[in-house]
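Beneath this line is the structure, given in structure tokens, with notes to follow.
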Amino acid sequence: MYPLKRNRRLRTNEAIRSLVRETILSPNDFLVPLFVVEGKGVRQEIASMPNYYRFSLDILEKEVKELWAMGLKSVLLFAMIPEHLKDNKGKEALNPKGLMQRAIKTVKNACPEMLVMTDVAFDPYSSYGHDGIVEDGEIVNDDSVEILTGMSLSHAEAGADFVAPSDMMDGRILSIREALEDEGYTNTGIMAYSAKYASAFYGPFRDALDSAPGFGDKKTYQMDYANRFEAIKETEMDIDEGADIVMIKPGLCYLDIVREIKNEVDVPVAVYQVSGEYAMVKAAAEKGWLDHDAVMMEQLVAIKRAGANIIASYFARDAVKLLG
Ligand SMILES: NCc1[nH]cc(CCC(=O)O)c1CC(=O)O
Ligand SMILES: [Mg+2]
């Protein structure tokens with residue numbers, strides 16, 4: 001008898017396809033990155049990220065209420081720091097009245113149940129645009145970790161639910177975990193950017209925060225994109241040091257790593273679909289070369305299918321709207 005099996009039977013129409021579909025996106029999958037700036041009534045479109053904005057805190061308040069109403073319950077905050085507050089030690093990052101600290105409180109006041117995660121990194125605060133203190137042209141590790149730890153405590157004190165160190169210094173997860181425990185922030189979680197690659201896909205983000213490195217690149221701390229075993233080592237170390245959630249970044253080019261890590265570890269795995277991935281889809285769609293919504297959904301489902309439990313994405317809002 002030929003053919004023995006007909007796989008196309010399960011693809012005959014949308015009803016059967018949806019019945020056997022293996023991966024379903026929902027609003028619960030998403031973490032929404034948000035950029036904040038000083039000012040009032042500010043809603044600045046980011047040039048290289050069409051339809052994505054920097055918000056002043058009054059607008060942020062409205063934004064998070066809307067997100068909550070759409071079923072989006074977690075945000076990841078990034079602050080744009082004015083040039084005159086940047087230095088080599090990230091002093092402003094520890095300011096209890098700094099923009100990030102006020103943003104955390106703004107979200108919590110507007111929407112108390114919204115899960116607030118914060119970016120813990122130096123670069124938006126650094127006069128060099130690097131993720132650590134610069135000494136003789138090098139990014140030093142241990143002194144930087146000390147500041148990242150202080151920064152994490154400061155965010156916890158302001159009310160952050162999770163801190164998300166995105167710097168790739170060695171040992172920072174242990175240092176942050178110990179400090180949080182010592183200060184009584186036992187319920188403050190850590191989402192570690194564990195396998196963060198030195199990627200050209202971060203370009204638009206660095207426009208968004210005006211945080212591009214002033215010299216050199218980030219290859220002495222972010223991972224070489226040619227490497228796979230190293231991603232597993234980094235991730236396992238962060239889990240041993242106390243990470244509650246691990247992250248892989250960027251998304252699409254790294255889904256092999258996502259699957260591999262998902263198979264290895266027993267903590268939730270997050271994936272960051274980064275700014276350059278967003279910008280590429282927007283640009284191609286603007287030209288009429290790609291179907292925006294179709295490509296967006298295909299990419300997001302692929303990220304989840306690869307093993308992501310959490311997707312940080314600038315498409316979160318658009319995708320959830322489309323899910324209906
Ligand atoms: N610590 C900085 C940071 N945190 C998140 C991103 C990139 C996110 C994106 O491109 O969307 C970066 C950029 C970088 O490492 O240079
Ligand atoms: Mg590491």
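Indexing begins at 1, ligand by ligand and atom by atom, following the structure's order.
Rounding to the nearest 0.5 Å gives a distance of 7.5 Å between CG of Leu153 and OG1 of Thr149.
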- Item | CA sep, side-chain torsions, deciding dist, call: Asp87, Ser127, side chain to side chain donor-acceptor pair (under 3.5 Å) | CA-CA 5 Å; Asp87 61 23; Ser127 37; 5.7 Å; no

- So Ser154 and Gln101, side chain to side chain donor-acceptor pair (under 3.5 Å) or not? Walk me through it. CA-CA 7 Å; Ser154 169; Gln101 288 79 355; 2.7 Å; yes

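By the 30° and 60° cut-offs, the orientation of the rings of Tyr221 relative to His130 is perpendicular.
Remark: the backbone N or O of Val36 is not paired with any side-chain donor or acceptor of Arg54 at under 3.5 angstrom. Checked by atom type and distance alone, the side chain of Asn88 pairs as donor or acceptor with a backbone atom of Val134 at under 3.5 Å.
Legend: residues meeting side chain to side chain donor-acceptor pair (under 3.5 Å) with Asp238, ordered by chain and number and at least two apart, are Arg172, Ser194.
Between Phe55 and Phe35, a ring centre-to-centre spacing not shorter than 6.0 Å is recorded.
Residues of the protein with a heavy atom under 4.0 Å from ligand 1 are Phe78, Asp119, Ala121, Asp123, Asp131, Ser166, Lys196, Phe201, Tyr202, Phe205, Arg206, Lys218, Gln222, Lys249, Tyr272, Val274, Ser275, Tyr314, listed by chain and number.
Around the Mg ion (ligand 2), the protein contributes the following N, O or S atoms at distances under 2.8 Å: Glu234 OE1.
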Would you mind writing out the side-chain donor-acceptor pairs for residues 263-274 within the sub-3.5 Å range, not counting sequence neighbours?
residue : atom : partner : partner atom : Å
Asn263  : OD1  : Arg259  : NH1          : 3.0
Tyr272  : OH   : Tyr314  : OH           : 2.7
Gln273  : OE1  : Ser313  : OG           : 2.6
Gln273  : NE2  : Gln299  : OE1          : 3.2

